[in-house]
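We number each residue from 1, following the sequence as shown. Both counts, for ligands and for their atoms, begin at 1 and track the order of listing. All values below were derived from every heavy atom in this structure, side-chain atoms included, with hydrogens, water molecules and symmetry-related copies excluded.
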Amino acid sequence: MLKTIKTKIITTYSLVIIAFISTLLLTTFLNERNRVLELELVKSAEISTMHAEILSQEFSQYIAMLKMLSDNPLIRQGNKQSINAQLNRLMEVGDGDFINAIYIDQNLILTDSKGNTNKVTHPSFIQGEQWVGKEHNITVPVLSKFEKEPVIIVAVPIWNDQKAWAGTIAVAVPLNVLNEKLSAIKLTKGSYAWLADSNRTVVSHPNKDFIMTVQLSTENSESYPGFGDIVKQTKVQDNGYGHYEDASIDESKIVTFSKIKNLPDWTLFVTTKESEIFHNIYEILYNVLITALILMVVFLLLIIKLSNKITSPLRQLTKEVKAFVKSDHNNVKVIDSKDEIGQLSKAFYDTIKTIQTHTTFLEEMVDQRTQEVSEKNIILKEQNNKLEKIASQDPLTKLYNRRAFNTLVDKETSRAKKNKRPVSLVVLDIDHFKEVNDQFGHEIGDDVLCSLANELTSDNDNIVCRWGGEEFVILIPDVEPDTAYSYMETLRQQISKTEFPPIKRLTFSAGIATIRLNESFKKCFQRADKAMYEAKAAGRNQVIWG
Ligand SMILES: Nc1nc2c(ncn2[C@@H]2O[C@H](COP(=O)(O)OP(=O)(O)OP(=O)(O)O)[C@@H](O)[C@H]2O)c(=O)[nH]1
């Protein structure tokens with residue numbers, strides 16, 4: 001895979017850069033994550049405390065308004081007309097925060113700004129001795145007889161001149177006022193504020209379905225794992241924070257909480273999605289990643305350029321060496337550089353020069369040796385031919401000897417068989433040759449044998465062999481039996497008339513046989529040999545069929 005230096009450099013570079021960017025991003029993420037989370041928690045805690053304070057001040061204002069009225073002499077005296085006027089005035093200065101203004105007299109008869117009158121029975125309206133030591137009372141949301149929605153009753157007592165409870169003056173604050181006030185709180189994106197009363201009932205929340213229906217529990221539920229622990233904290237701390245999971249949207253959230261001074265045991269929560277908190281980090285990481293990628297590409301281009309600069313002379317050198325090996329070039333160009341590649345190319349050049357010198361020397365040596373070998377081969381061939389001839393020749397008559405004849409017979413008989421042509425065999429023996437030797441001596445006998453051999457080989461197509469002593473065998477191929485016989489008969493007559501000085505007359509007896517279908521040479525020879533003996537027995541100087 002990583003075959004070339006270039007791919008090795010680029011792969012190594014890419015891996016190093018990827019490892020570097022990953023480490024950079026991871027380190028940035030881990031460092032920034034904790035720092036941002038800490039900052040966000042501090043900020044969120046401050047925001048929730050501040051808004052708890054603002055909400056508390058709202059209620060302080062309501063209490064201050066009610067307090068002013070409760071000190072009004074006419075109201076203290078229970079002046080109906082004045083009370084009605086003040087209740088209406090209260091509604092006006094409430095600027096929409098109140099849904100109703102209420103007066104309750106000593107007999108618990110309630111009069112409101114809408115003109116309703118009623119006997120109070122609701123336990124949230126405290127009376128008489130219950131007011132001792134209390135300057136005001138704020139209820140949890142209650143359902144009043146005159147309102148459609150739950151209201152928070154903010155009430156202050158009216159004391160008579162004898163410092164005895166003379167009645168109560170109160171305003172009903174609808175829950176949606178709380179919602180409006182909370183939603184007016186400026187929070188970071190993905191954050192929202194909400195409120196739980198002293199019974200841990202959610203009384204204000206961006207999700208309307210939660211209002212007056214959700215009761216906070218100290219148990220960790222499956223829907224909000226971790227939230228129970230935060231609720232537990234609210235019981236013992238005025239401020240705090242914690243994490244929980246919103247399983248319904250699979251989102252981690254952080255929550256800071258603060259108690260509200262004028263609303264005993266009410267808690268203001270600020271919830272923030274973790275993804276929003278880390279949004280900035282992701283943005284930083286994204287920017288780092290983009291910058292890193294751009295730099296990576298720029299450096300990659302530089303690396304490619306650099307590796308090309310390094311590897312192109314190497315490729316050129318490789319090409320030249322390959323061409324030299326293939327004999328396309330008879331030289332390698334030296335790369336004009338002082339660096340390692342230049343040195344390598346010079347080393348190649350020197351090596352090739354040395355190889356060329358050695359090659360030339362070797363080629364010359366091989367030529368010389370080849371010449372010598374071929375000369376010796378010629379001599380050897382001649383000598384082989386001579387040896388071959390000697391090995392296959394009768395030394396006296398130069399005719400084929402038995403060994404060579406047997407080989408030739410095999411060849412001729414197979415050829416004849418293949419071509420379906422006849423082959424005849426003649427066994428020939430000189431008559432009374434002993435007498436020649438005895439009379440003229442052995443040397444003359446030898447001369448006569450040679451002269452006869454010459455006569456026998458007058459027909460080139462025949463294969464003539466000196467079988468031994470004064471006995472000859474002739475193979476007559478490709479000739480019909482009668483023709484072979486006639487040839488032998490003519491030869492016999494001719495020889496019987498020829499002089500072989502110093503002897504006057506020489507005759508021979510011969511047996512002739514044509515090789516039969518599927519007959520072996522041996523069998524045929526026996527027939528011819530037998531016929532030759534018959535010729536001898538019949539008086540010699542004749543040719544007889546075997
Ligand atoms: N000079 C000479 N004589 C040879 C050679 N080989 C065999 N002889 C002689 O040939 C003679 C053969 O004699 P025999 O076998 O009695 O036969 P023959 O005298 O020819 O009588 P027939 O064959 O019966 O007609 C012997 O005297 C051998 O010594 C040779 O190479 N040179």
(request) Name the option, out of Glu470, Arg540, Glu435, that contains the heavy atom nearest to atom 17 (O) of ligand 1. (result) Glu470
Nitrogen or oxygen atoms of [X] and ligand 1 under 3.5 Å apart:
X	answer
Phe433	yes
Asn437	yes
Asp431	no

Between the side chain of [X] and the main-chain N/O of [Y], is any donor-acceptor distance below 3.5 Å?
X	Y	answer
Arg403	Gln393	no
Lys504	Pro501	no
Arg466	Thr397	no

Below 4.0 angstrom, N of the basic side chain to O of the carboxylate: do [X] and [Y] qualify?
X	Y	result
Lys43	Glu46	no
Glu412	Arg415	yes
Arg421	Glu480	yes

Enumerate the atoms of ligand 1 whose separation from the nearest heavy atom of [X] is less than 4.0 angstrom.
X	answer
His432	18 (P), 19 (O), 20 (O), 21 (O), 22 (P), 25 (O)
Gly445	1 (N)
Asp446	1 (N), 2 (C), 30 (C), 31 (O), 32 (N)
Gly469	6 (N), 7 (C)

Provide, to 0.1 Å, the distance between [atom] and the closest protein heavy atom, together with that atom's residue and name.
atom	value
atom 13 (O) of ligand 1	Lys434 CB, 3.5 Å
atom 31 (O) of ligand 1	Arg466 NH2, 2.8 Å
atom 23 (O) of ligand 1	Lys536 NZ, 3.0 Å

(message) Can you tell me which portion of Leu449 lies within the under-4.0 Å heavy-atom range of ligand 1? Options are side chain, backbone, both, or neither.
(response) side chain
(message) Under 4.0 Å, heavy-atom basis, I'd like to know which part of Asp429 is in contact with ligand 1: side chain, backbone, both or neither.
(response) side chain
(message) How long is the straight-line distance from OG of Ser345 back to CD1 of Ile341, given to the nearest 0.5 Å?
(response) 9.5 Å
(message) Within this structure, what is the CZ-CG distance for the pair Phe20 and Leu25, rounded to the nearest 0.5 Å?
(response) 9.5 Å
(message) Quick check on Glu471 - does any of its heavy atoms sit under 4.0 Å from an atom of ligand 1?
(response) no
(message) Centroid separation under 6.0 Å, is that true for the rings of Trp467 and Phe525?
(response) yes
